[in-house]
Amino acid sequence: MASNHEVAAIFREIADLLEVKGEVVYKYGAYREAARQIEAYATPVTTLAAERRLREIPRVGEAIAAKIAEYIKTGRMEYLDRVRSEVPPGLVDLLHVPGLGAKKIQALHRAIGITSLADLEEALRAGRVRDLPGMGEKTESNLLDEIGRLRARVQRHPIGIARPEAEEVVDALKASCPTVHAIDIAGSLRRWRDTIGDIDIIVASATPIDVLAAFVVLPMVRDVLAHGDTKASILTFRDLQIDLRVVAPVEFGAAILYFTGSKAHNVRLRALAQRRGWTLNEYALTEEATGRVIASESEEAIYHALDLAWIPPELREDLGEFELAASGDVPRLIEASDIDGELHCHTDWSDGHLTLDATVAEAERRGLRYLAITDHSQSLAMVRGLTPERARLQWAAIDAVNRRGGPTRILKGVELEILPNGSLDFPDDVLRGFDLVIASIHSGFRQDRETMTKRIVGALRNPHVDVIGHPTGRRVGRRDPYEVDMNAVLRAAAETGTAVEINANPERLDMDDAHARAAAALGVTIPINTDAHGADNFDLLRYGVATGRRAGLRPENVLNTRGLDELLSWLARPTTPA
DNA sequence: GCCGTTTTCGGCCCGACTGTTTTCAGTCG
Ligand SMILES: Nc1nc2c(ncn2[C@H]2C[C@H](O)[C@@H](COP(=O)(O)OP(=O)(O)OP(=O)(O)O)O2)c(=O)[nH]1
Ligand SMILES: [Mg+2]
Ligand SMILES: [Mg+2]
Ligand SMILES: [Zn+2]
């Protein structure tokens, strides 16, 4: 069945082919933008097609809607086949070489018959590229360097890798350059996307040249890719690209707005300015006729001048935020300080690093009002999952802790295996003894979509199951989600009142932003869980909160924003067996 | 190819860096 993801991939391929073919940017840009909107659209294209509603997806017009309908009906898209046949298959790969765009690729193809990366490398080594107009020896050596780097380079980095590195760079630059007036992380990191193409940092300074000079000699710099008067790009030893942009302090608002993006968000914002006879760039919002600066020092002033509410960075993807900001309906998004307790963690009773007491101490130190201890269950034998007998021993230990009357109430929880055959790892009479049951999948990932969906839906229909843990099993940048119909899972969860977590570990972030948004729209309650296995892991909360913000979640959508009493009454809620 | 608070046709965001160029095209942010 044609998924939105699959259809989006086709239009991205068409966009690449058209770009290489020499089509105008507005045409291949239209396919690329349509692909992005289709991928993000909550309703499946199959549903939309059946109801002739495809064109309600932004950037999907008559032509693209017809192509989607054709693909759903026949499993083929004639236009894709045609453009594929018009472009040598290896040519599109050249788009991934930094420094190569449509014009140069066409020149290489027409003039010296290049049709692949291998062709290009050979021509570069033979010095046959320098003869082309607009290219010289420097172009050749740069391209050879880039091709070399291409092999080793990871395409996108998990946020859990990029965020700490970015924070180190910010500190290092502040320390090494006293004229840094303001500094912030921008780009996809400020928007908290789950993967990061590069690190973008914005600085305000009266002496940009000095800041850039200090930047390109920081200890983490392996290569300097570009170095001008207002910006520079470097490659770190850990293979991350960092772009630094420096502006005057008075321009900081316009600059961080620009550098935070997304590109699509910027383009829409600038088009809005344009329509009023203004122009927006990274320096200011300006009246075109007079050159009068309307706003530049803060993001808020620029949004307000355009009759928009300030938009949180996490929402700046041109996926509906402009409509909210224009009507004053930007939600009050969940914040880390709204979180009252933790509902998913492990101790050394299974695969956690801390004892129960040390885990409790950490929770108390962090001011949590409650903490659910959710060690693994017996079938996860590798990590000494709890048998019913050991669970009862742990309950006694927890009772003892609670009798001390500390500030953090400890709940008896479990992360319960959903076994490959769909049954649960404990019988109901054992489950009854827990305060909180998270049901998760850690085995049998390769089942087909229908089996997997039934397996999860079956688990959440058990009245003792309170939460579904990391429901898609994905590992950011490492493992795709298993096959599962999340729409069906979320509908069932909404029906039974079962919660579905956002696992905050940056290697998981599962649910992701899009699933969490769909869950909230259905009224599903969402805990944001660190799944801590050690003391530091409680810090991972910020990644989960950011994912919730990207999903547009308000505090009331999130289970662990509730106070202890409210949480306890939720746990005691009447549940309806299926 | 998409779209409409001037338009159903004519625009579609705006600027920095590099290399090759003698005035700027191409690429990228
Ligand atoms: N106005 C405008 N701004 C752009 C354009 N391309 C990029 N930007 C801005 C918005 C981006 O968020 C910001 C940083 O660019 P990046 O290429 O690093 O993109 P971003 O960080 O959003 O995503 P990434 O994870 O790095 O792929 O620069 C553009 O074509 N026009
Ligand atoms: Mg970036
Ligand atoms: Mg960048
Ligand atoms: Zn788990």
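Naming: A, B, ... by sequence-line order, numbering from 1 per chain. Nothing here was measured: the structure is a model prediction, and the numbers come from that model.
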**Report entry** A/Asp243 CG - B/dT27 P separation (whole Å)
**Finding:** 18 Å

**Report entry** Rounded interatomic separation in angstrom, taking CG from A/Leu272 and P from B/dC3
**Finding:** 15 Å

Requested in this report: Ignoring hydrogens and angles, tell me if any N or O in the side chain of A/Asn557 forms a donor-acceptor pair with the backbone of A/Leu553 under 3.5 Å.
Outcome: no

Query - Pairs satisfying salt bridge (charged side-chain N to carboxylate O under 4.0 Å, His left out), at least one member in residues 219-236 of chain A, at least two apart - result: A/Arg149-A/Asp223, A/Arg222-A/Asp239

Requested in this report: Using the P atom on both, measure B/dC17 against B/dC13 and round to a whole Å.
Outcome: 22 Å

**Report entry** Euclidean distance, atom CD of residue A/Glu146 to atom C1' of B/dC28 [Å, nearest integer]
**Finding:** 12 Å

Report summary line: DNA chain B nearest-nucleotide lookup for A/Lys27 and A/Lys104: closer to the 5′ end is A/Lys27

Query raised in the report: B/dT8 pairs with which nucleotide, Watson-Crick or G-U wobble, both distances below 3.5 Å?
Result: none

Query raised in the report: In whole Å, what separates the C1' atom of B/dT7 from that of B/dC2?
Result: 14 Å

Requested in this report: Write down the distance separating the P atoms in B/dT5 and B/dC12, rounded off to the nearest Å.
Outcome: 15 Å

Requested in this report: Specify the closest pair of heavy atoms between A/Ile202 and A/Ala186, including all atoms of both residues, with the distance to one decimal.
Outcome: CG2-CB, 4.3 Å

Requested in this report: Report the distance from atom CG of A/Leu235 to atom C1' of B/dG29, rounded to the nearest whole Å.
Outcome: 16 Å

Query raised in the report: Pick the nucleotide of DNA chain B nearest each of A/Ala102 and A/Met135; which residue has the one closer to the 5' end?
Result: A/Met135

Query raised in the report: Quick check, are the ring centers of A/His181 and A/Phe252 under 6.0 angstrom apart?
Result: no

Query raised in the report: If every non-hydrogen atom of A/Leu117 is compared with every non-hydrogen atom of A/Leu94, which pair is closest and at what distance?
Result: CD1-CD2, 3.4 Å

Query raised in the report: Which whole number of Å gives the distance between the P atom of B/dT6 and that of B/dG1?
Result: 27 Å

Requested in this report: Output yes when at least one side-chain N/O atom of A/Gln241 is less than 4.0 Å from OP1 or OP2 of B/dG29, else no.
Outcome: yes

Report task. Check each residue of residues 298-319 of chain A for a non-hydrogen atom within less than 4.0 Å of any atom in DNA chain B, then write out the ones that pass by number, or none. Result -> none

Query raised in the report: Hey, which of A/Thr207, A/Val203, A/Thr230 is the one that makes side chain to side chain contact (heavy atoms under 4.5 Å, CB included) with A/Val246?
Result: A/Val203

Report task. Can you tell me, in whole Å, how much space there is between the P of B/dT27 and that of B/dT21? Result -> 15 Å

Query raised in the report: Would you say the side-chain atoms of A/Arg191 pair up with the backbone N or O of A/Thr260, donor to acceptor, closer than 3.5 Å?
Result: yes

Query raised in the report: Between A/Ile112 and A/Leu132, does a side-chain contact (heavy atoms from CB on, under 4.5 Å) hold up when you go through it step by step?
Result: CA-CA 9 Å; A/Ile112 55 175; A/Leu132 274 65; 4.1 Å; yes

Query - Distance test, side-chain N/O of A/Arg275 to OP1/OP2 of B/dT5, below 4.0 Å - result: yes

Query raised in the report: Is there a donor-acceptor pair closer than 3.5 Å between any side-chain N or O of A/Glu70 and the backbone N or O of A/Ala66?
Result: no

Report task. Between protein and nucleotides 12-18 of chain B, map the contacts as a letter string: B base, S sugar-phosphate only, - none, heavy atoms under 4.0 Å, written 5' to 3'. Result -> BBBSSSS

